[in-house]
Student: 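Sending over a structure as structure tokens; questions will come in a sec.
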Amino acid sequence: MSQKKISTDSGIEIKEIYTLDNSAINDHSLPGEFPFTRGVQSSMYRGKLWTMRQYAGFSTAEESNQRYHYLLSQGVSGLSVAFDLPTQIGYDSDHALSEGEVGKVGVAIDSLEDMERLFQGIQLEDVSTSMTINASGFILLAFYVALAKKQGADLQKISGTIQNDILKEYAARGTYIYPPKNSMRIITDIFEWCSKEVPKWNTISISGYHIREAGSTAVQEIAFTLSNGKAYVQAALAKGLDINVFGKRLSFFFNAHNNLFEEVAKFRAARRMWSKIMKDLGATDERAMMLRFHTQTGGSTLTAQQPMNNISRVTIQTLAAVMGGTQSLHTNGYDEALSLPTEEAARIALRTQQIVAFESGVPETVDPLAGSYFVESLTDEVEKAAWELIEKIDAMGGSVASIEEGFMQDEIAASAYRYQKDIESGDKISVGVNKFQSAETSDTPVFRIDDSIQKIQTDKLNILKAKRDNVKVTELLQRLKATAQSNDNLMPVVLEAVENYCTLGEVADTLREVFGEYR
């Protein structure tokens, strides 16, 4: 037996061989049963495949709409919208701070008119839509509901998710607007309003994805994400909401990286941990204890060198997500270390999911790796290490306090630094980057966004502002300000404002006047 020590990036030592002694399997639950280690549905993919949800959005609403129709024609079963940075931080396209960013990393949405263009020819009752939006998520949800009403849709039937996870923005990503306390108020307003108005809508997607992209380990990803989830639940409970009602509408968003077995163990551990957290917080309905999650393959694992290698990486990550029991999945394009995905790259990414679904045999039994000495042991190890981190956060007073103290940020930064050092020293191999390099001439097609998009969006805004009822707009923005100064729910007045063509920036700025900005 060799003596070389091998560990995962989370620092969990991997033994050379695993036997029954290493993994006394204490959890004998079945899929669909508390604590849901083996999955949230008893039949999993034999009953229904995961939703194949390809993330897309760029340039103008019209161009993104064309990509959505293309993806729907290729067999996607749900849409996932990427928004540009100005939209994410509550600025209209004509704002000075939007300069150079309009339509670049996602689609520019300034008003209900843009939302109408984005979903032209798509009935919202017939699709499930996920929107990756946080600080301004409440405004985009209002745009979506306003459009559904215009289409004559039954609001009781429209389904989808807004990411709406602001805590990870403070910890890992940076697209926040308001201070934490005010942001938490907006989130609980959304929980309360959606439970009555759009009961099938997932009101938050508590996101580990960006925590992982910022450099965390697998263990940190689930520890920080579940801790943030706990903070949202406590805020909702403090508002008097019913955990058995809103608990069913919480969903999670995780990353899938290359270490196949650690990733599967991470997903299994996360489900088990969340069920215990919810039970301890007072949930009695098992459906409110289930951790349902969307997965995206790891953007930060993709390399600009030898980009076709990324197809293999994405395939491994797809297998990890499916064997880990994901409810929906986005697979990245092989060219995403270079640019937004081309149509060809997006098609290959979707085909990767379809090959795993229909050719690999992996979905044919539930939790196929259950009972593996290695996977069961690793699930226990990941869970133990994640609880240790959560206990540290709890001792500080919870997620909000730990973020304000910089604890999560420092832990993520330290992990990212260690990982980069290991790549540079060669202790960790990245194929095509620090080993197995080849002389390359890049002939990968690159997808670029034209800088003229800002002028196109600004012209649209000028036309909109000239033709709408500006007296009504002023009156509604004043009413929004008064509502923000009270304890009343913000969502009804936000919805009425956007239905009367108040812009995203006008709504966000009105609340900036009341709440201030987080710096």
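Residue numbers count from 1 along this sequence. Everything numeric in this text was worked out from a predicted model, so none of it was measured.
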Student: For atom OH of Tyr417, decide whether the heavy atoms of other residues, nucleotides or ligands shown that lie under 6.0 angstrom number more than 12.
Tutor: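 Counting neighbours around OH of Tyr417, 12 or fewer heavy atoms of other residues, nucleotides or ligands fall under 6.0 Å, so no.
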Student: Are the side chains of Ile122 and Tyr68 in contact, using a 4.5 Å heavy-atom criterion?
Tutor: yes
Student: Hey, are Lys230 and Asp394 close enough for a salt bridge, meaning a charged N less than 4.0 Å from a carboxylate O?
Tutor: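 Yes.
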Student: Return the CE to OG distance between Met52 and Ser80, rounded to the nearest 0.5 Å.
Tutor: 15.0 Å
Student: Between the side chains of Gln296 and Asn255, is a donor N or O closer than 3.5 angstrom to an acceptor N or O?
Tutor: no
Student: Has the side chain of Ser415 got a donor or acceptor atom that lies under 3.5 Å from a matching backbone atom of Ser216?
Tutor: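 No; judged by distance alone, with no hydrogens or angles, the pair does not exist.
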Student: Any donor and acceptor pair, going by atom type alone, linking the side chain of Thr87 with main-chain N or O of Ala108 inside 3.5 Å?
Tutor: no
Student: Go through Val314 and Thr301 one step at a time and tell me if the side chain to side chain contact (heavy atoms under 4.5 Å, CB included) criterion holds.
Tutor: CA-CA 9 Å; Val314 168; Thr301 67; over 6 Å; no
Student: Gln163 versus Lys168: any side-chain heavy-atom pair under 4.5 Å?
Tutor: yes
Student: Can Ser399 and Asn228 be counted as having a side-chain donor-acceptor contact under 3.5 angstrom?
Tutor: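 Yes, Asn228 and Ser399 have a side-chain donor paired with an acceptor closer than 3.5 Å.
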Student: Is any NZ, NE, NH1 or NH2 atom of the basic residue among Arg418 and Asp9 found under 4.0 Å from an Asp or Glu carboxylate oxygen of the other?
Tutor: no
Student: Donor-acceptor pair, distance only, cut-off 3.5 Å: does the side chain of Thr331 make one with the backbone of Ala349?
Tutor: yes
Student: Quick check: does any side chain N or O of Asn332 sit under 3.5 Å from a backbone N or O of Leu302, one acting as donor and the other as acceptor?
Tutor: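 Absent.
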Student: Just wondering, do Ile166 and Tyr518 contact through their side chains at under 4.5 Å, heavy atoms?
Tutor: no
Student: Name all pairs fulfilling the salt bridge (charged side-chain N to carboxylate O under 4.0 Å, His left out) condition that reach into residues 205-220, sequence neighbours left out, sorted by first residue then second.
Tutor: Arg212-Glu221, Arg212-Glu263
Student: On the 0 to 90° scale, with breaks at 30° and 60°, tag the Tyr176-Tyr170 ring pair as parallel, tilted or perpendicular.
Tutor: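 Tyr176 vs Tyr170 ring planes: parallel.
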Student: Please lay out, stage by stage, how Leu250 and Met278 fare under the test side chain to side chain contact (heavy atoms under 4.5 Å, CB included).
Tutor: CA-CA 11 Å; Leu250 305 176; Met278 288 299 272; 4.2 Å; yes
Student: So, taking the atom named CD1 in Ile211 and the one named CE in Met408, what distance separates them when rounded to the nearest 0.5 Å?
Tutor: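 Nearest 0.5 Å value for the CD1-CE distance: 6.5 Å.
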Student: Using the side chain to side chain donor-acceptor pair (under 3.5 Å) criterion, which residues pair with Thr303? Sequence neighbours excluded.
Tutor: Arg313
Student: Checking Asp285 now: which residues fulfil side chain to side chain donor-acceptor pair (under 3.5 Å) with it, not counting sequence neighbours?
Tutor: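 Asp285 satisfies side chain to side chain donor-acceptor pair (under 3.5 Å) with Lys248 once adjacent residues are dropped.
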Student: Let's go through Ile390 and Phe224 carefully: what are the C-alpha distance in whole Å and the side-chain angles of both, what is the deciding distance for side chain to side chain contact (heavy atoms under 4.5 Å, CB included) to 0.1 Å, and is it a yes or a no?
Tutor: CA-CA 7 Å; Ile390 288 175; Phe224 296 162; over 6 Å; no
Student: Taking side chain as C-beta onward, heavy atoms only, is Leu389 less than 4.5 Å from Val219?
Tutor: yes
Student: First locate atom CG of Asp427, then atom OH of Tyr419, and finally report the distance between them rounded to the nearest 0.5 Å.
Tutor: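 That separation rounds to 12.5 Å.
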Student: What is the minimum heavy-atom distance between Ser29 and Thr37, and which atoms define it?
Tutor: OG-OG1, 4.4 Å
Student: Does a side chain donor of either Asn309 or Tyr334 reach within less than 3.5 Å of an acceptor in the other side chain?
Tutor: no
Student: Counting N and O atoms only, with roles assigned by atom type, does the side chain of Asn434 sit under 3.5 Å from a partner on the main chain of Ser430, one being a donor and the other an acceptor?
Tutor: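 Such a contact is found between Asn434 side chain and Ser430 backbone.
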Student: Can a donor-acceptor pair be found between the side chains of Thr8 and Glu262 at a distance below 3.5 Å?
Tutor: yes
Student: Any sub-3.5 Å donor-acceptor pair from Thr365's side-chain atoms to Pro368's backbone N or O?
Tutor: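 Such a contact is absent between Thr365 side chain and Pro368 backbone.
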Student: Identify the heavy atoms of Val366 and Pro31 that sit nearest to each other, and give their distance.
Tutor: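 Reported closest heavy-atom pair: CG1-CG, 3.3 Å.
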Student: What I want to check is whether the side chains of Ser205 and Asp165 have a donor and an acceptor closer together than 3.5 Å.
Tutor: no
Student: Judged by modelled atom types alone, do Thr295 and Thr326 share a side-chain donor-acceptor pair under 3.5 Å?
Tutor: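 Thr326 and Thr295 do have a side-chain donor-acceptor pair below 3.5 Å.
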Student: Which of parallel (below 30°), tilted (30 to 60°) and perpendicular (above 60°) describes Phe267 and Phe293?
Tutor: parallel
Student: Any sub-3.5 Å donor-acceptor pair from Asp84's side-chain atoms to Val105's backbone N or O?
Tutor: no
Student: Evaluate the criterion side chain to side chain contact (heavy atoms under 4.5 Å, CB included) for residue pair Ile133 and Asn164; output intermediate values, then yes/no.
Tutor: CA-CA 6 Å; Ile133 193 81; Asn164 196 30; over 6 Å; no
Student: At what distance, to the nearest 0.5 angstrom, does NZ of Lys15 lie from NZ of Lys5?
Tutor: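 Rounded to the nearest 0.5 Å, the NZ-NZ separation comes to 10.5 Å.
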Student: Does the side chain of Thr379 come within less than 4.5 Å of Arg272's, by heavy atoms?
Tutor: yes
Student: Does Glu383 come within less than 4.0 Å of Lys276, counting only side-chain N to carboxylate O?
Tutor: yes
Student: If I compare all heavy atoms of Ser377 with all of Tyr18, which pair ends up nearest, and what's the gap?
Tutor: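 Heavy atoms of Ser377 and Tyr18 come nearest at OG-CE2, 3.5 Å.
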Student: Under 3.5 Å, is there a donor-acceptor pair linking the side chains of Arg53 and Ser128?
Tutor: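 Looking only at side-chain atoms, Ser128 and Arg53 do form a donor-acceptor pair, the distance falling under 3.5 Å.
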Student: Could you check, using the six-membered ring where one of them is a Trp, whether Phe254 and Tyr209 have ring centers closer than 6.0 angstrom?
Tutor: no
Student: Test Thr175 against Arg173 for side chain to side chain donor-acceptor pair (under 3.5 Å), laying out the working first.
Tutor: CA-CA 6 Å; Thr175 64; Arg173 195 161 168 270; 3.1 Å; yes
Student: Restricting to non-hydrogen atoms, name the atom on Ala346 and the atom on Arg67 that form the minimum distance, rounded to 0.1 Å.
Tutor: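 Ala346 and Arg67 have their closest heavy atoms at CB-NH1, 4.0 Å.
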Student: What is the minimum heavy-atom distance between Thr129 and Trp201, and which atoms define it?
Tutor: O-CH2, 3.6 Å
Student: Which pair of heavy atoms, one from Pro363 and one from Val356, lies closest together, and at what distance?
Tutor: CD-O, 3.6 Å
Student: Partners of Ser438 by side chain to side chain donor-acceptor pair (under 3.5 Å), sequence neighbours excluded?
Tutor: Gln306
Student: To the nearest 0.5 Å, how far apart are CG in Leu319 and OG in Ser360?
Tutor: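 The distance works out to 6.5 Å.
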Student: Taking the side chain as every heavy atom from C-beta outward, state whether Asp380 and Leu378 have any pair of such atoms under 4.5 Å apart.
Tutor: no
Student: Would you give the length of the straight line joining atom CD1 of Ile162 to atom CD1 of Ile139, rounded to the nearest 0.5 angstrom?
Tutor: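 If I round to the nearest 0.5 Å, the distance is 11.0 Å.
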Student: If you define the side chain from C-beta out and look only at heavy atoms, does anything of Ile206 sit under 4.5 Å from Phe253?
Tutor: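 Counting from C-beta outward, Ile206 and Phe253 never come under 4.5 Å.
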Student: Hey, does the side chain of Asn310 reach the backbone of Pro307 with a donor-acceptor pair shorter than 3.5 angstrom?
Tutor: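 Side chain of Asn310 to backbone of Pro307, a donor-acceptor pair under 3.5 Å: yes, one is there.
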Student: For Gly333, is there any backbone N or O sitting under 3.5 Å from a side-chain donor or acceptor partner on Glu336?
Tutor: yes
Student: Could you tell me whether a side-chain N or O of Asn202 sits under 3.5 Å from a main-chain N or O of Thr161, the two making a donor and an acceptor?
Tutor: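 Checked: no pair found.
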Student: Could you tell me if the side chain of Phe119 sits less than 4.5 Å from the side chain of Leu79, heavy atoms only?
Tutor: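 Yes. Closest side-chain heavy atoms under 4.5 Å.
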Student: Which residues pass the side chain to side chain contact (heavy atoms under 4.5 Å, CB included) test with Val40, sequence neighbours left out?
Tutor: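 With sequence neighbours excluded, Val40 shows a side chain to side chain contact (heavy atoms under 4.5 Å, CB included) to Phe36, Arg271, Met290, Arg292, Gln327, given in chain and number order.
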Student: Test: salt bridge (charged side-chain N to carboxylate O under 4.0 Å, His left out). Region: residues 28-49. Which pairs qualify, not counting sequence neighbours?
Tutor: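 Passing the test, one end in residues 28-49: Arg38-Asp367.
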